[in-house]
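Working notes for the structure below.
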Amino acid sequence: MDETRTTRTGAVYRKKSQGPEIWRRFRRNKRAVVGLCIILLMIFCAVFADLISPYDPTLQDIPSMLQGPSAAHLMGTDQYGRDIFSRVIHGTRISLFVGISATAFALLAGGALGAAAGFYGGTVESVIMRCMDVLLAIPSILLNITVASALGGGVLNMMIAVGISNVPAYCRIMRSAILSVRDQEFTEASRACGAGDLYIILRHIVPNCLSPMIVQATLKVGGAILVCSTLSFVGAGISGSTPEWGSMIASGREYLRSNAHLTTFPGIAIMLTVFSLNLMGDGLRDALDPKLKN
């Protein structure tokens, strides 16, 4: 929002919001705009999946099993006669929810730990960063499978499993960003006025460190969707009866030679979603980078 301030001489000036400028620079990147449009379409499909889907995604119709794409079934049917188009549409809801929720969980947890480590330093920083190093030493896919297997199946447990492996990345980014601003003049001035540590962190330091975190979160949503699909593919995530892209590919791999459409369309959905998120993340990174201002 715009802020109005008064100088010592009584002159009033208005500080313009950076939002319009960021949006102007973002929309100049045509690839980023294309990625944003695709993501908005995906979100629309996820929200209105029940209205868009022509069939119940879990309804089995054995006489119609393994049909190819047609006017009645745009993407064909699977080995149980379920409409693949309806399952792909409903899978958008699950994949986006898990990807966004897992990223938000990692962003909040990693951001809080990184803020504490960067601001206080000393023993607090050593303990937090050594814990992050331990998590980074474990291969991410192995950590995801271990946590998912320990918690059990389900959307919520998968979100937690995917989010935990991403916490160290956000923690390190937030810590490095805070180290560059914690000793600047505005922080010292706020401390001299009697502000507490929590107020200084939330009001002055974190807002100046959000740009790299936002860009990282945008790019990591696509990675979280890939991990979600991978866990379902290997049987450690969502069950095959639930319309989820990874589980759809896993259940259709036995028919890859004879009925390739069972795995092709869920695979295209994963590829298109991750690709568009990467395009949007790259454009957002360029829009938020102060070095690229005109």
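Counting all heavy atoms, side chain and backbone alike, Ala49 lies closest to Ser53 at O-OG, 2.8 Å. Considering every non-hydrogen atom in both Ala224 and Thr103, the closest pair reads CB-OG1, 4.0 Å. Here the closest non-hydrogen pair linking Ser232 and Gly246 is CB-C, 3.9 Å. In terms of heavy-atom proximity, Phe105 sits nearest to Ile160 at CE2-O, 4.3 Å. Heavy atoms only, all atoms of each residue included: Ser229 and Trp245 are closest at OG-CB, 4.3 Å. Nearest heavy-atom pair, Ile94 versus Pro243, reported as atom, atom and distance to 0.1 Å: CD1-O, 3.2 Å.
Leu262 and Tyr55 fall into different hydrophobic clusters, where Ile, Leu, Val, Met, Phe, Trp and Tyr side chains are chained together by heavy-atom contacts under 4.5 Å. Placement of Met158 and Leu108 in two distinct hydrophobic clusters is found when ILVMFWY residues are connected by side-chain heavy-atom separations under 4.5 Å, directly or transitively. When the side chains of ILVMFWY residues are joined at heavy-atom separations under 4.5 Å, either directly or via intervening members, Ile62 and Leu59 end up in two distinct hydrophobic clusters. Linking ILVMFWY residues whenever their side-chain heavy atoms come closer than 4.5 Å, directly or via other members, leaves Phe275 and Leu36 in distinct clusters. At a threshold of 4.5 Å between side-chain heavy atoms, the hydrophobic network of Ile, Leu, Val, Met, Phe, Trp and Tyr places Leu219 and Ile214 in one connected group.
No side-chain heavy atom of His73 sits less than 4.5 Å from a side-chain heavy atom of Ile84. Counting only heavy atoms from C-beta outward, the side chains of Pro69 and Phe265 approach each other to under 4.5 Å. With contacts defined as side-chain heavy-atom distances shorter than 4.5 Å, the pair Arg82/Asp61 does not qualify. Side-chain contact check for Asp50 versus His90: some heavy-atom pair is nearer than 4.5 Å. Looking at heavy atoms from C-beta onward, Leu96 lies in side-chain contact with Ile225 at the 4.5 angstrom threshold. The shortest distance between side-chain heavy atoms of Tyr80 and Met65 does not fall below 4.5 Å. Looking at Met129 and Arg172, their side chains come closer than 4.5 Å, going by heavy atoms from C-beta outward. Phe119 has its side chain out of reach of Val124: every pair of non-hydrogen atoms, C-beta onward, lies at least 4.5 Å apart.
With rounding to the nearest 0.5 Å, the separation of CE in Met75 from CG in Asp83 is 9.0 Å. Distance check, rounded to the nearest 0.5 Å: CG of Leu279 to SG of Cys37 gives 11.0 Å. Rounding to the nearest 0.5 angstrom, the gap separating the CG atom in Asp78 from the CE atom in Met248 is 7.0 Å. Atom CZ of Phe233 is separated from atom CD1 of Ile270 by 10.0 Å, given to the nearest 0.5 angstrom. Rounding to the nearest 0.5 Å gives a distance of 10.5 Å between SG of Cys45 and CZ of Arg93. Atom CE of Met42 is separated from atom CG of Leu40 by 11.0 Å, given to the nearest 0.5 angstrom.
No side-chain donor-acceptor contact under 3.5 Å links Glu244 to the backbone of Thr92. Between the side chain of Ser101 and the main chain of Val98, no donor-acceptor pair closer than 3.5 Å is present.
None of Val227, Thr230, Val147 except one satisfies the side-chain contact (heavy atoms from CB on, under 4.5 Å) rule with Val162; the exception is Val227.
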Show your working on side-chain hydrogen bond (donor to acceptor under 3.5 Å, both in side chains) between Thr77 and Gln67 and close with a plain yes or no. CA-CA 5 Å; Thr77 59; Gln67 291 186 2; 4.9 Å; no

Are Tyr120 and Glu125 close enough, and set up right, to give a side chain to side chain contact (heavy atoms under 4.5 Å, CB included), and what steps lead you there? CA-CA 7 Å; Tyr120 291 106; Glu125 180 183 16; over 6 Å; no

Could you walk me through whether Met280 and Thr218 pass the side chain to side chain contact (heavy atoms under 4.5 Å, CB included) test, one step at a time? CA-CA 8 Å; Met280 190 176 70; Thr218 305; 3.7 Å; yes

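Within the structure, no pair that satisfies the side chain to side chain donor-acceptor pair (under 3.5 Å) test touches residues 252-276, not counting sequence neighbours.
In summary, Arg87 and Asp56 do not engage in a salt bridge, as defined by a charged side-chain N under 4.0 Å from a carboxylate O.
A 6.0 Å sphere centred on CZ of Phe26 holds more than 12 heavy atoms belonging to other residues, nucleotides or ligands.
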